[in-house]
**Q** 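What follows is a structure written as structure tokens; I'll ask about it next.
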Amino acid sequence: MNREVYGKLIFELSRPGSRGTRPVSDGAAFPKAELPADLTRSAAPALPELSEPEVVRHYTRMSTNNFGVDTGFYPLGSCTMKYNPKINDALSALPAMARLHPLAPDSDCQGALRAYWELQRSLSEIGGMAEFTLNPYAGAHGELTGLMIIRAWHDERCDKKRTKVIVPNSAHGTNPASAAVCGLEVVEVASLPDGTVDVEALRPLLDDTVAAMMMTNPNTLGIFESRIPEIAKMVHDCGALMYYDGANLNPMLGVARPGDMGFDVMHINLHKTFSTPHGGGGPGSGPVGVRAGMEHLLPAPRVVKQEDTDTFSVMREDPGSCGSVSPTLGNVGVELRALAYILTMGRDGLAMAGPLATLNANYVKESLRDVYKLPVDRVCKHEFVFDGLADKSTGVTTLDVAKRLLDYGYHAPTIYFPLLFHESLMIEPTETESRETLDEFIDVMRRIAAEALSDPDTLKAAPVNTPVGRPDDTKAALEPIVRFTK
């Protein structure tokens, strides 16, 4: 790869006088439009000057630098980067859906409202909840919405002193952040060495100031929280609610439902569990579900079915609602993809996703445990965590391993999270990868472990086959360069 070309900005490729295609104007086909003087520039914008082929080649090169599930294996632990079936993209792009105005009268969009309603019902069945809202735009937005519902639940009972949220120390970083944004105090509870909640450490934290406990199951180490019923009873006995972070719902599909475990509120990351687009700043979707008796607290607007009819309408205001979290019904394109995924998979297909994800994760874990340190020696669910290389004598770090993977054409797994281990390397293969793909990944991981012993300097200098090598992460964070200067 020619780093000199692939790594340049379009401004660096600019040459004064270079031009793209200029259409010939005869005055009739391209009439001149005069802009008001107060809307015109005093000087031309400092845009790069290139020919059309140069522009096309630049952006095409940029597109080849992007890595995604359509270009290769993406074992990003905790984020479930599974393949996005193209039929879902095609269905969500149907003109009748894609061109529908969000404020169109209910009578003009019964098909779209039916799709919304069917997704709400499907998610309710999958999660073991009474009802869902599709409004939140992302997982963290869903967390905030769920906590707003919990606050509204306690406020409805004039229980204003419940201002604390208990969060395990192995939780996703968005959990305490969402609680703080919602104006709640975060109380951390310790985890056992396997990442599961320390029930004995939890007991003294439960009192009448606790609003909820947030949990992810399986936890961040991919271990199933087997004491959930006991924890749920303890939390409910003190008058608090249980919140389920749906980031790790994928291995649970068709096997267990959060609502059946005792959770009262949950969110689902459609981009993690139901194959919709993920990353790059969007789009996203984080539907929130509630158990029976809490439906009235869901944010408006939401789709409801008229009793004893086949007619759907948008409930735009609800006196008992926790408020509004989006002006419309969320990201329709993402939601349609999720519904397409659920319908094409069917009950039997969804029930296979979790076990296959679990099988793939344990296959990769057992194939690498002799060369990478396995701190929790248990059957995992959808993901697992290594604590760096088994042999640490060479000084090769988890960061070095991740950078070297880029040279072999793989996106790196999640690194240095969770914080329970010093050299965390979190891997999630998902159910969509074949055994052949997993075997190739295992071979590369073993090759990197061998390189760490025979040629550690190569790993410490990696990557060498990418447009950009290894930047100074600290300097980039403290002194970001956000604009081009000559």
Side-chain angles (χ1 to χ4, degrees), residues 73-82 139 167-176 188-198 214-228 245-252 269 272-273 354 356-392 396-406 410-431 433 438 441-442 444-446 448-449 452 459:
F73 182 35
Y74 213 127
L76 198 65
S78 191
C79 281
T80 315
M81 300 293 284
K82 66 168 72 175
V167 179
N169 63 355
S170 62
H172 295 109
T174 51
N175 286 185
E188 184 179 282
V189 62
S191 298
L192 297 172
D194 64 358
T196 58
V197 171
D198 186 338
M214 302 181 77
M215 290 188 67
T216 305
N217 192 29
N219 64 26
T220 307
L221 298 186
I223 303 300
F224 187 82
E225 295 271 1
S226 59
R227 299 182 71 176
I228 285 286
D245 179 336
N248 293 350
L249 181 64
N250 198 49
M252 311 289 279
N269 300 74
K272 291 188 178 185
T273 309
L356 286 176
T358 298
L359 175 64
N360 281 354
N362 281 279
Y363 177 65
V364 175
K365 171 174 66 72
E366 293 300 314
S367 299
L368 294 173
R369 61 181 296 157
D370 60 321
V371 288
Y372 290 87
K373 183 179 178 181
L374 184 63
V376 179
D377 192 3
R378 289 180 54 182
V379 173
C380 66
K381 295 301 177 185
H382 63 304
E383 65 188 4
F384 60 92
V385 180
F386 285 130
D387 188 8
L389 288 159
D391 188 336
K392 302 185 184 299
V396 172
T397 66
T398 283
L399 178 64
D400 298 329
V401 173
K403 294 294 187 182
R404 186 58 171 158
L405 272 170
L406 304 182
Y410 289 95
H411 193 286
T414 299
I415 61 174
Y416 298 114
F417 177 80
L419 303 178
L420 297 175
F421 312 118
H422 185 61
E423 289 288 330
S424 289
L425 184 72
M426 184 191 295
I427 298 173
E428 180 181 1
T430 80
E431 75 279 5
E433 301 300 337
L438 298 183
F441 176 72
I442 290 166
V444 167
M445 288 290 284
R446 297 189 70 86
I448 291 173
L459 269 68

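Hydrogens, waters and symmetry mates play no part in the numbers below; they use all other heavy atoms, side chains included.
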**Q** Which distance, rounded to the nearest 0.5 Å, do you find between the CD of Glu383 and the OG1 of Thr358?
**A** 10.5 Å
**Q** Starting at CG of Leu221, measure out to CG of Leu420 and round the result to the nearest 0.5 Å.
**A** 5.5 Å
**Q** Between Gly195 and Ser170, what is the shortest heavy-atom contact and its length?
**A** O-OG, 3.5 Å
**Q** Applying side chain to side chain donor-acceptor pair (under 3.5 Å), can you list everything that pairs with Asp391, at least two apart in sequence or on another chain?
**A** Ser393
**Q** Got a donor-acceptor contact below 3.5 angstrom from the Arg446 side chain to the Ser367 backbone?
**A** yes
**Q** Quick one: CG on Leu368 to CD1 on Ile448, what's the gap to the nearest 0.5 Å?
**A** 10.0 Å
**Q** Is it true that a side-chain atom of Asn169 and a backbone atom of Glu188 form a donor plus acceptor pair closer than 3.5 Å?
**A** no
**Q** To check you understand the geometry: which heavy-atom pair defines the closest contact between Leu459 and Val396, and what is its length?
**A** CD2-CG1, 3.6 Å
**Q** With sequence neighbours left out, write down each residue that passes side chain to side chain donor-acceptor pair (under 3.5 Å) with Asn175, or none if nothing qualifies.
**A** Glu143, Asp245
**Q** Which atom names give the shortest non-hydrogen contact between Lys365 and Phe386, and what distance separates them?
**A** O-CZ, 3.9 Å
**Q** List the atom of Val376, the atom of Pro193, and the distance in Å for their closest heavy-atom pair.
**A** CG2-O, 3.6 Å
**Q** side-chain contact (heavy atoms from CB on, under 4.5 Å) for Glu423 and Val401? Distances and angles first, verdict last.
**A** CA-CA 11 Å; Glu423 289 288 330; Val401 173; over 6 Å; no
**Q** Locate the shortest heavy-atom distance separating Val167 from Ala171; write the atom from each residue and the value.
**A** CG1-CB, 3.4 Å
**Q** Going by the side-chain contact (heavy atoms from CB on, under 4.5 Å) test, name the single residue among Val444, Leu438, Leu405 that passes it with Phe73.
**A** Leu438
**Q** Show the nearest heavy-atom pair for residues Thr414 and Gly77, with the distance to one decimal.
**A** OG1-O, 2.6 Å
**Q** Using a 4.5 Å cut-off on heavy atoms from C-beta on, say whether the side chain of Val385 contacts that of Pro418.
**A** yes
**Q** Rounded to the nearest 0.5 Å, how far does CG of Asn248 lie from NE2 of His172?
**A** 5.0 Å
**Q** Considering only heavy atoms from C-beta outward, does the side chain of His411 approach that of Leu76 to under 4.5 Å?
**A** yes
**Q** Checking side-chain hydrogen bond (donor to acceptor under 3.5 Å, both in side chains) between Asn250 and each of Glu428, Lys272, Lys82, which is the one that passes?
**A** Lys82
**Q** Treating Tyr372 as the side-chain partner and Leu425 as the backbone partner, does any N or O pair qualify as donor plus acceptor under 3.5 Å?
**A** no
**Q** Out of Val364, Asp194, Asn362, which residue meets the side-chain contact (heavy atoms from CB on, under 4.5 Å) rule with Cys380?
**A** Asn362
**Q** Heavy atoms, side chains only, cut-off 4.5 Å: are Tyr74 and Thr430 in contact?
**A** no
**Q** Taking side chain as C-beta onward, heavy atoms only, is Ser424 less than 4.5 Å from Leu419?
**A** no
**Q** First locate atom CD1 of Ile223, then atom CZ of Phe384, and finally report the distance between them rounded to the nearest 0.5 Å.
**A** 11.0 Å
**Q** Using a 3.5 Å distance criterion without hydrogens, assess whether the side chain of Tyr410 forms a donor-acceptor pair with backbone atoms of Met445.
**A** no
**Q** Starting at CG of Leu389, measure out to NZ of Lys392 and round the result to the nearest 0.5 Å.
**A** 6.5 Å
**Q** Can you tell me if Asn360 uses its side chain to pair, donor with acceptor, with the backbone of Ala357 under 3.5 Å?
**A** no
